[in-house]
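Values below: every heavy atom of this structure, side chains too, minus hydrogens, waters and symmetry copies.
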Amino acid sequence: MIKNAWLLVFALAFAAGCATQEAPKPAPAPAPAPAPAPAPEARPAPPAPAPAPKPAPKPMAEKVTFAADVLFDFDRAVIKPDGKSKLDDLSSKMKGIDLEVVIAIGHADQIGTPAYNQALSVRRAEAIKAYLVSKGVAANRVYTEGKGETQPVTAGKCKSMGKEHRSNKKMVDCLQPDRRVEIEVIGTRKQ
């Protein structure tokens, strides 16, 4: 019986020890796996940048020179109708350029005094300037000069026509090419 008593004490002690010990805790449940990060919102790819526009080619400066001769009647500085036609054509060509300068050089024939012919050649050049300005050319771009009778284009061809006088119709007609204004337009062609 003692044996049984010891056995009983031992079983009670064991039971008491077990009762005072905490029951083993179950292994903690594994933490839930973090929710997968949401996939980034599908955004359309930004459009590829347009290729940079090619720079416009640098305009090549093209020097332009127009020339015209306008003839005048004897002892006159009034532009003839065919001269106006030439000037109209010239002014339309000038619209296509960046104008630098217009030079109008007046001339006279050899009939008359050098002083008178010089003044007449200046009046002819000024008549051209006034006409071009009336067509829209800037007055500060038109320069005038008179050469008088110093630069004839007939070059003595009319000497055999008789006496040098306004009443000599043959000579007056022969010297017609000397009564002129030479016009030079200088500029750069617009692109």
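For the pair Ile97/Thr188, no side-chain contact is recorded, criterion being any heavy-atom separation below 4.5 Å from C-beta on. No side-chain heavy atom of Leu99 sits less than 4.5 Å from a side-chain heavy atom of Val101. Taking the side chain as every heavy atom from C-beta outward, Phe72 and Val181 approach each other to under 4.5 Å. The closest side-chain heavy-atom distance from Ile79 to Val70 is below 4.5 Å. Side-chain contact check for Ile183 versus Leu87: some heavy-atom pair is nearer than 4.5 Å. At a threshold of 4.5 Å between non-hydrogen side-chain atoms, the residues Asp98 and Arg189 do not count as touching. Taking 4.5 Å as the limit, some side-chain heavy atom of Glu184 sits within range of a side-chain heavy atom of Ile186.
Between Met94 atom CE and Leu90 atom CG the span is 6.0 Å, to the nearest 0.5 Å. We find the CD1-CD1 distance between Ile128 and Ile103 to be 14.5 Å, quoted to the nearest 0.5 Å.
Lys84 NZ: 12 or fewer foreign heavy atoms inside a 6.0 Å radius.
Members clustered with Met161: Phe74, Ile111, Met171, Val172, Leu175, by chain and number, using a 4.5 Å side-chain heavy-atom cutoff among hydrophobic residues.
A donor-acceptor pair is defined here as one N or O able to donate and one able to accept, closer than 3.5 Å; no such pair exists between the side chain of Glu145 and the backbone of Val122. In terms of modelled atom types and a separation under 3.5 Å, the side chain of Arg124 and the main chain of His107 share a donor-acceptor contact.
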Next on the checklist: Determine whether Asp75 and Tyr116 satisfy the following criterion, side-chain contact (heavy atoms from CB on, under 4.5 Å), listing intermediate values before the conclusion.
Outcome noted: CA-CA 10 Å; Asp75 198 23; Tyr116 180 81; 2.3 Å; yes
Item to check | Residue pair Arg179, Asp73: steps toward the salt bridge (Lys or Arg N to Asp or Glu O under 4.0 Å) verdict | outcome: CA-CA 7 Å; Arg179 299 186 292 273; Asp73 285 330; over 6 Å; no
Next on the checklist: salt bridge (Lys or Arg N to Asp or Glu O under 4.0 Å), that's the test. Do Asp173 and Lys169 meet it? Break it down for me.
Outcome noted: CA-CA 6 Å; Asp173 290 345; Lys169 178 94 169 107; 3.3 Å; yes
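Scanning all heavy atoms of the two residues, the minimum distance from Ala125 to Gly106 falls at CB-N, 3.8 Å. Minimum heavy-atom separation, Ala108 to Ser121: N-CB, 4.2 Å.
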Residues 149-160 side chain polar contacts: donor-acceptor under 3.5 Å, at least two apart:
residue : atom : partner : partner atom : Å
Glu149  : OE1  : Asn117  : ND2          : 2.5
Thr150  : OG1  : Lys147  : O            : 2.6
Thr154  : OG1  : Asp178  : OD1          : 3.4
Thr154  : OG1  : Asp178  : OD2          : 2.7

Side-chain donor-acceptor distances from residues 130-138 under 3.5 Å, at least two apart:
residue : atom : partner : partner atom : Å
Tyr131  : OH   : Asp88   : OD1          : 2.6
Tyr131  : OH   : Asp88   : OD2          : 3.4
Ser134  : OG   : Tyr131  : O            : 2.5

